[in-house]
Amino acid sequence: MKISLTSVSVGNQKAALAFYTEKLGFVKKTDIPMGDVSWLTVVSPESLDGPELVLEPNAEYPAMKALKKALFEDGIPFTAFEVDNVDAEFVRLRDLGVTFTQNPAESAGVRYAVFDDTCGNLIQIYQQTD
(Lines give C-alpha, C1' and ligand atoms only; values in the text may rest on other atoms or scores of the structure.)
Protein backbone atom coordinates (compact mmCIF):
# COMPACT_ATOMS: atom_id res chain seq x y z
CA MET A 1 0.00 0.00 0.00
CA LYS A 2 1.24 3.50 -0.81
CA ILE A 3 -0.06 7.05 -0.80
CA SER A 4 -0.62 8.34 -4.34
CA LEU A 5 -3.18 11.08 -3.71
CA THR A 6 -4.05 13.33 -0.83
CA SER A 7 -6.14 16.45 -0.88
CA VAL A 8 -6.57 19.90 0.52
CA SER A 9 -9.99 21.51 0.48
CA VAL A 10 -10.24 24.81 -1.41
CA GLY A 11 -13.07 27.19 -2.20
CA ASN A 12 -11.64 28.53 -5.46
CA GLN A 13 -9.53 26.15 -7.53
CA LYS A 14 -8.08 28.88 -9.75
CA ALA A 15 -6.87 30.92 -6.76
CA ALA A 16 -5.61 27.77 -5.05
CA LEU A 17 -3.68 26.71 -8.15
CA ALA A 18 -2.04 30.14 -8.33
CA PHE A 19 -1.02 30.00 -4.65
CA TYR A 20 0.22 26.40 -4.69
CA THR A 21 2.24 26.89 -7.89
CA GLU A 22 3.38 30.53 -7.75
CA LYS A 23 4.05 30.77 -4.00
CA LEU A 24 4.78 27.21 -2.88
CA GLY A 25 6.45 26.07 -6.09
CA PHE A 26 4.38 23.00 -6.84
CA VAL A 27 3.73 22.02 -10.48
CA LYS A 28 0.28 21.44 -12.00
CA LYS A 29 0.01 17.79 -12.98
CA THR A 30 -3.64 17.12 -13.82
CA ASP A 31 -6.49 19.43 -14.81
CA ILE A 32 -9.57 17.57 -16.04
CA PRO A 33 -12.70 19.75 -16.35
CA MET A 34 -15.73 18.32 -14.56
CA GLY A 35 -18.47 20.92 -15.02
CA ASP A 36 -17.82 23.97 -12.86
CA VAL A 37 -14.77 22.39 -11.22
CA SER A 38 -11.81 20.26 -12.26
CA TRP A 39 -9.94 17.21 -11.10
CA LEU A 40 -6.94 19.38 -10.32
CA THR A 41 -3.68 18.11 -8.88
CA VAL A 42 -0.22 19.49 -8.18
CA VAL A 43 3.04 17.71 -7.43
CA SER A 44 6.43 18.56 -6.04
CA PRO A 45 8.93 19.61 -8.72
CA GLU A 46 11.34 17.27 -6.91
CA SER A 47 9.08 14.28 -7.54
CA LEU A 48 6.95 14.76 -10.67
CA ASP A 49 5.77 11.15 -10.51
CA GLY A 50 5.32 11.22 -6.74
CA PRO A 51 2.20 11.74 -4.64
CA GLU A 52 -0.31 14.23 -6.03
CA LEU A 53 -2.11 16.88 -4.01
CA VAL A 54 -5.72 17.27 -5.13
CA LEU A 55 -7.01 20.85 -4.89
CA GLU A 56 -10.43 19.62 -3.85
CA PRO A 57 -13.35 22.03 -4.33
CA ASN A 58 -15.42 22.38 -1.17
CA ALA A 59 -18.29 24.61 -2.35
CA GLU A 60 -20.88 21.83 -2.05
CA TYR A 61 -19.79 20.30 1.25
CA PRO A 62 -21.08 22.09 4.37
CA ALA A 63 -19.34 19.56 6.63
CA MET A 64 -15.95 20.32 5.05
CA LYS A 65 -16.52 24.06 5.39
CA ALA A 66 -17.34 23.60 9.09
CA LEU A 67 -14.29 21.39 9.64
CA LYS A 68 -11.96 23.84 7.89
CA LYS A 69 -13.36 26.76 9.87
CA ALA A 70 -12.95 24.92 13.18
CA LEU A 71 -9.39 23.81 12.39
CA PHE A 72 -8.43 27.31 11.25
CA GLU A 73 -9.93 28.98 14.33
CA ASP A 74 -8.18 26.48 16.61
CA GLY A 75 -4.86 27.03 14.80
CA ILE A 76 -4.60 23.40 13.66
CA PRO A 77 -2.89 22.75 10.30
CA PHE A 78 -4.95 20.88 7.70
CA THR A 79 -1.82 19.12 6.41
CA ALA A 80 1.97 19.37 6.44
CA PHE A 81 4.73 19.50 3.85
CA GLU A 82 8.30 18.44 4.51
CA VAL A 83 11.06 20.88 3.60
CA ASP A 84 14.85 20.68 3.78
CA ASN A 85 15.22 23.85 5.85
CA VAL A 86 12.26 25.41 7.66
CA ASP A 87 14.05 28.69 8.33
CA ALA A 88 15.08 29.20 4.71
CA GLU A 89 11.61 28.23 3.45
CA PHE A 90 10.01 30.56 6.00
CA VAL A 91 12.06 33.49 4.68
CA ARG A 92 11.42 32.57 1.03
CA LEU A 93 7.66 32.28 1.51
CA ARG A 94 7.40 35.33 3.76
CA ASP A 95 9.23 37.35 1.11
CA LEU A 96 6.62 36.17 -1.42
CA GLY A 97 3.86 37.55 0.81
CA VAL A 98 2.78 34.32 2.51
CA THR A 99 1.26 34.97 5.95
CA PHE A 100 2.57 32.81 8.78
CA THR A 101 0.53 32.14 11.90
CA GLN A 102 3.41 30.32 13.61
CA ASN A 103 7.01 31.41 13.15
CA PRO A 104 9.67 28.69 13.06
CA ALA A 105 9.84 26.72 16.30
CA GLU A 106 11.17 23.37 17.42
CA SER A 107 9.69 20.54 19.43
CA ALA A 108 10.54 16.86 19.86
CA GLY A 109 13.12 16.76 17.06
CA VAL A 110 11.00 18.61 14.52
CA ARG A 111 11.39 22.20 13.35
CA TYR A 112 8.16 23.65 11.98
CA ALA A 113 6.20 26.75 11.00
CA VAL A 114 2.56 27.27 9.99
CA PHE A 115 1.13 29.47 7.24
CA ASP A 116 -2.25 30.47 5.81
CA ASP A 117 -2.73 29.05 2.30
CA THR A 118 -5.29 31.79 1.43
CA CYS A 119 -7.82 28.99 0.77
CA GLY A 120 -9.07 28.63 4.35
CA ASN A 121 -6.39 26.19 5.50
CA LEU A 122 -3.42 26.38 7.79
CA ILE A 123 -0.49 24.41 6.41
CA GLN A 124 2.55 23.29 8.40
CA ILE A 125 6.03 23.02 6.96
CA TYR A 126 8.49 20.89 8.88
CA GLN A 127 11.91 19.32 8.92
CA GLN A 128 13.32 16.54 11.06
CA THR A 129 16.15 17.83 13.22
CA ASP A 130 17.25 14.54 14.80
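Everything numeric here is computed off the predicted structure, so don't read it as measured data. What you see below is based on every heavy atom in this structure, not just the backbone, and it leaves out hydrogens, waters and symmetry mates.
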Exercise. Is the backbone of Leu17 close enough, under 3.5 Å, to the side chain of Thr21 for a donor and an acceptor to pair up by distance?
Worked result: yes
Exercise. How many angstroms lie between CD in Glu106 and CD in Gln127, if you round to the nearest 0.5 Å?
Worked result: 7.5 Å
For this session: Output the distance between atom CD1 (Ile76) and atom CG (Asp74), rounded to the nearest 0.5 Å.
Result: 5.0 Å
Problem set entry | No-hydrogen, no-angle side-chain donor-acceptor test under 3.5 Å, Gln124 and Thr79 | no
Seminar exercise, completed: Heavy-atom closest pair (Asp49 atom, Lys29 atom, distance to 0.1 Å) is OD1-NZ, 3.6 Å
Exercise. Side chains of Ser7 and Glu56: is there a donor and an acceptor less than 3.5 Å apart?
Worked result: no
Exercise. If every non-hydrogen atom of Pro57 is compared with every non-hydrogen atom of Gln13, which pair is closest and at what distance?
Worked result: CD-NE2, 3.5 Å
For this session: Verify whether one side chain among Asp116 and Thr99 offers a donor that lies under 3.5 Å from an acceptor in the other.
Result: no
Problem set entry | Ion pair Arg111/Asp130, N-O distance below 4.0 Å | no
For this session: Could you tell me which non-hydrogen atom of Ile3 sits nearest to which non-hydrogen atom of Pro51, and how far apart they are?
Result: O-CG, 3.8 Å
Problem set entry | Phe81 ring center near Phe26 ring center (under 6.0 Å) | yes
Exercise. Counting only N and O atoms by type, is there a donor-acceptor contact under 3.5 Å from the side chain of Thr41 to the main-chain atoms of Glu52?
Worked result: no
Seminar exercise, completed: Looking only at heavy atoms, the pair that brings Ser9 and Asn121 closest together is O-ND2, 2.8 Å
Exercise. With no hydrogens and no angle check, is any side-chain donor or acceptor of Asn58 less than 3.5 Å from a backbone partner on Tyr61?
Worked result: no
Exercise. Is there side-chain contact between Leu93 and Leu24, with heavy atoms separated by less than 4.5 Å?
Worked result: yes
Problem set entry | Exercise: identify the closest heavy-atom pair between Asn12 and Ala15 | OD1-N, 2.8 Å
For this session: Compare all side-chain heavy atoms of Leu122 with those of Phe115 and state whether any distance is below 4.5 angstrom.
Result: no
Exercise. For atom CG of Asp36, is the number of surrounding heavy atoms from other residues, nucleotides or ligands below 6.0 Å larger than 12?
Worked result: no
For this session: Give a yes or no answer on whether the side chain of Lys23 reaches the backbone of Ala18 with a donor-acceptor pair at less than 3.5 Å.
Result: no
Exercise. Do Lys68 and Met64 come close enough that some side-chain heavy atom pair is under 4.5 Å?
Worked result: yes
Problem set entry | Which atom of Tyr112 lies closest to which atom of Gln102, heavy atoms considered | CE1-CG, 4.0 Å
For this session: Run the numbers on Leu53 and Thr6 for side chain to side chain contact (heavy atoms under 4.5 Å, CB included), then give the verdict.
Result: CA-CA 5 Å; Leu53 178 67; Thr6 189; 3.9 Å; yes
